[in-house]
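As structure tokens, the structure follows; a few thoughts come after it.
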Amino acid sequence: MTGYVIAATDAGGKRLGERIVPTAPTLGEAAAFGDRHQTNYVSVRHGHDAITLYGRDATGIWGVLATDAPAAVVVEMRRSHDALCRPASAWDGAPEGHYVVTAVDVGGEPFGERVSATAPTLAEAAELGTLHEADYVVAGRDGGDLVTLHGRDADGSWSVIAADVDAETAEEVCLWFDLTQHYRGRSPEGIGLGGRAGHPLDHVSTPEGGRMAAERAVSLVVERIRARRLDYPTRGLAADRFDAGWSVYAPVEVDESDPMAFLDMPVGRSVFLVSDSGRVKEISSSIPPRQAEEMFAAEEAYVRRGLAEERFMADLGDEVMRLDSESEGSAGISSFTVGAPTEEAVAAGASRLLGPIAQQVALLGPPGWDRFTAVFSFTVSGEVAQLRFWSGGRSADVRVPEQTALLVRRQRHLAARMPAGPWWRLLLSVDHSAGTHARIATDYDYGDRPFPDDHLLAPEHYRDDLIAYPRSHTPAWLSAYVTTAGESGEATRTAPARQAPAPRPEATPPAAPAPAPVPAPGPVLDTKVGWTALHADPQVITYGRKSIALDQAEWVGYAATHTAQKRFMFPTTYENTWEFRVGRYPYHGGPQVAVHFSRAGRRADQPEEWAFLVSLARRYLEPRLLTELVAQVRRGETVTVGGSVKVSRDGIACARPRLSLAWGSIGAARLDSGMVLIHQAGGGKPVLTVPLSHPNAALIPGLFATLMA
């Protein structure tokens, strides 16, 4: 089915008739189709995110309500239009208390529905899905808040995917199930799964930290090879860019003049896929590269996907601006800003996935189990999942499959947007006795105490995670553990029980002369910005003729700004600038290295060089600076961060704006849109904002959290 699906629907989306046409219908043809079925709405679908909606107003005139819009926008436009034109709509839906059972695609587009007085059985749901050639069926009481999602897996078997969840969670789980069961890579342009164009996971967004540099991807792979003692080269690795990150591999040189040289090529040698957020996945080169990369990109797209309300508002904003553009600005709309979701919405979105995770884990147990416990110890680049079931007096460990880990990874990404940041461990337990409802207990572990050894990942994994998800507070023991990343042996696998002040490198002389250790591998950047050479590694940053050693740097600052420039009758352009500075005091006049990037035109992604410098500072410089600042304050000294915020044992003070707060009256300090926001305890608006470009402003959240602990 490569044509257009034209469907006549009522205001609620119920289909009254449909057919497939080879070309897009005109307004007149759509109106005739709607009149024939005695309805006010006609939708023309050509892919998940390409739906045109036609509607008839109160005077009987047909018009175009939306063009090439996503399903969520079409649903809202249809209902709002009907409420405006026909406030007393005659459509009453299903009888009160009855169940509405709908066959849908992965994007939520309905294919057909039934009304039943009782909840459908699995067989009845499967029958409706098979009838309409749909992979999913949603069932719920008319007007109710909870639904049950049924799905057909890759083998054609139907099952309950999520029971008694809200619509947003059903959408989350449906997309996850489709990714693990039906997605086989991006389809050719214009031809999607089942004849549909595109898929919701065909395109992955760039993380807030920007795209990863190739050198950083190679260094992560080298760390993985050495940590796991893999029989794989660590020198001369190549990195090829794809949508979600980098494909890193050891090139194989073949003598093209020898017709039998292909016999010497290794078969099935590993290739490492590295996402922009730091996840590393080892695959075999026997898998077609494009297929492996597109599956990996789809996994990243699912994990990074925004909340439903964000996607809807973004799509609605695009549609509003498009309509205003087509009307030559007659609506007077110059911009459409989509605000960040509230903390309550983020927390609700994360917590709602815990139920489906528990349901999926429960399916892994043996028949007759009565209890299980699961521990997920995750970072962006490393994962430990442990699952144990009990049945009577016996217990058994069960492996957690990759598809379940993917759902947990998505939940952690949503939880990362809460003020506390992403959890380090998710603890889940379920008790289920015959004849009783299951009791679910969950706990987010943010590392208040050191983790057990069997839940503890290597130091570099936590370091990678702190780069991907900067947080306002890192436990002292974990900060100390991360600094052992260059050590070897079993000692690096045991977290310290308590935190002692970290000495300066020069404060502890060697006990006896010894050969100089081989420096730990690290990321390296060698490039040019314009005509000026730029080199950066864990030891030194050099730009042109200026250079500074990281172990001597006393401050760092960085910022990204996008200034919109709107001109009459011309598209909006942006002046995009990125700055990175590192140096020694005094701030004005002391030695420093400053790198500046700028691009004009459309709103641009972060330059890879700038993202590399920021990641390098967060990984190799900021932990030392934070440790030193904490030690100074605890010795009774007063330090200045962010250019103007004075921090002492008693609290903080600022001359402009004039401010003085004791530690007991200070609330959270967090990063938001290039600023550090400092709140008073119990207050809503921040009492002080500090740009990230100011010296050591990025250290404020961690400094405050450590001193207030």
Side-chain angles (χ1 to χ4, degrees), residues 106-108 136 149 151 161-162 165-183 199-209 243-245 273 275-281 294-312 341 345-364 374-385 387 400-418 420-428 440 442-445 461 464-465 468-469:
V106 67
Y136 305 99
L149 176 67
I161 308 174
V165 298
D166 60 278
E168 290 78 8
T169 305
E171 178 187 351
E172 287 272 1
V173 179
C174 181
L175 196 56
W176 162 78
F177 188 84
D178 201 78
L179 171 61
T180 59
Q181 297 295 322
H182 301 296
Y183 192 84
H199 189 281
L201 300 180
D202 275 351
H203 301 285
V204 58
S205 61
T206 302
E208 293 183 3
D243 279 358
L273 303 181
S275 74
D276 287 322
S277 60
R279 183 167 72 98
V280 181
K281 183 176 183 179
E294 289 181 354
M295 285 296 298
F296 185 81
E299 294 171 1
E300 289 297 298
Y302 174 71
V303 170
R304 297 186 208 163
R305 209 164 184 249
L307 293 171
E309 64 180 76
E310 287 180 295
R311 298 195 305 273
F312 168 72
V346 171
S351 63
R352 284 195 297 256
L353 271 184
L354 294 175
I357 289 173
Q359 293 174 13
Q360 291 300 319
V361 171
L363 297 176
L364 305 174
V375 178
F376 302 98
S377 182
F378 278 25
T379 66
V380 293
S381 57
E383 298 174 354
V384 169
L387 174 61
V400 177
E402 165 62 22
Q403 57 261 36
T404 304
L406 175 63
L407 190 59
V408 176
R409 205 176 298 143
R410 166 62 174 169
Q411 196 279 339
R412 185 175 189 263
H413 178 75
L414 293 179
R417 303 177 63 178
M418 297 190 294
W423 46 262
W424 296 115
R425 291 195 308 161
L426 173 63
L427 311 177
L428 179 67
I440 302 175
T442 59
D443 184 30
Y444 294 150
D445 186 350
H461 293 307
D464 297 338
D465 203 73
Y469 296 115

Open item on the list: Does any part of the side chain of Asp464, heavy atoms only, come nearer than 4.5 Å to the side chain of Thr379, both counted from C-beta?
Closed with: no
- [ ] I would like to know whether Gln360 and Ile161 meet side-chain contact (heavy atoms from CB on, under 4.5 Å); could you show each step before the answer?
- [x] CA-CA 8 Å; Gln360 291 300 319; Ile161 308 174; 4.0 Å; yes
- [ ] Locate the shortest heavy-atom distance separating Ser381 from His461; write the atom from each residue and the value.
- [x] OG-ND1, 2.9 Å
Task: Sole candidate of Asp465, Leu353, Val303 that passes side-chain contact (heavy atoms from CB on, under 4.5 Å) when paired with Arg412 - done: Asp465
TODO: State, yes or no, whether a side-chain contact exists between Gln411 and Phe376 at a heavy-atom distance under 4.5 Å.
DONE: no
Task: Heavy-atom check, side chain of Ser351 versus side chain of Thr442, under 4.5 Å - done: no
Open item on the list: Regarding Glu383 and Arg409, does a basic nitrogen lie under 4.0 Å from an acidic carboxylate oxygen?
Closed with: yes
Open item on the list: With a 4.5 Å cut-off on side-chain heavy atoms, are Val106 and His182 touching?
Closed with: no
Task: Side-chain heavy atoms of Leu175 within contact of His199, under 4.5 Å - done: yes
TODO: Find the distance between CZ (Phe378) and CG (Leu426) and round it off to the nearest 0.5 Å.
DONE: 8.5 Å
Open item on the list: Could you report the tightest heavy-atom contact between Val380 and Ser277, atom names first, then the distance?
Closed with: CG2-O, 3.5 Å
Open item on the list: Contact between Leu407 and Phe177 at the side-chain level, heavy atoms closer than 4.5 Å - yes or no?
Closed with: no
- [ ] Quick one: do Glu172 and Arg352 satisfy salt bridge (Lys or Arg N to Asp or Glu O under 4.0 Å)? Show the steps, please.
- [x] CA-CA 10 Å; Glu172 287 272 1; Arg352 284 195 297 256; over 6 Å; no
- [ ] From the options Asp276, Leu273, Val204, select the one residue that forms a side-chain contact (heavy atoms from CB on, under 4.5 Å) with Glu300.
- [x] Val204
- [ ] Identify the heavy atoms of Val165 and Pro356 that sit nearest to each other, and give their distance.
- [x] CG1-CG, 4.1 Å
Task: Euclidean distance, Leu201 CG relative to Glu294 CD, rounded to 0.5 Å - done: 12.0 Å
Task: Donor-acceptor under 3.5 Å (Gln181 side chain, Trp176 main chain) - done: no
Task: Thr206 OG1 to Arg304 CZ distance, which is reported to the nearest 0.5 Å - done: 7.0 Å
Task: Nearest heavy-atom neighbours spanning Ala170 and Leu149 - done: O-CD2, 3.5 Å
Task: Intermediate values then yes/no, salt bridge (Lys or Arg N to Asp or Glu O under 4.0 Å), Glu171 and Arg305 - done: CA-CA 12 Å; Glu171 178 187 351; Arg305 209 164 184 249; 3.6 Å; yes
Task: Leu354 and Tyr444, any side-chain heavy atoms less than 4.5 Å apart - done: yes
TODO: Determine whether Ile440 and Leu428 make a side-chain contact, defined as any pair of heavy atoms from C-beta on separated by less than 4.5 Å.
DONE: yes
Task: Distance, nearest 0.5 Å, that separates CG of Asp243 from OG of Ser205 - done: 11.5 Å
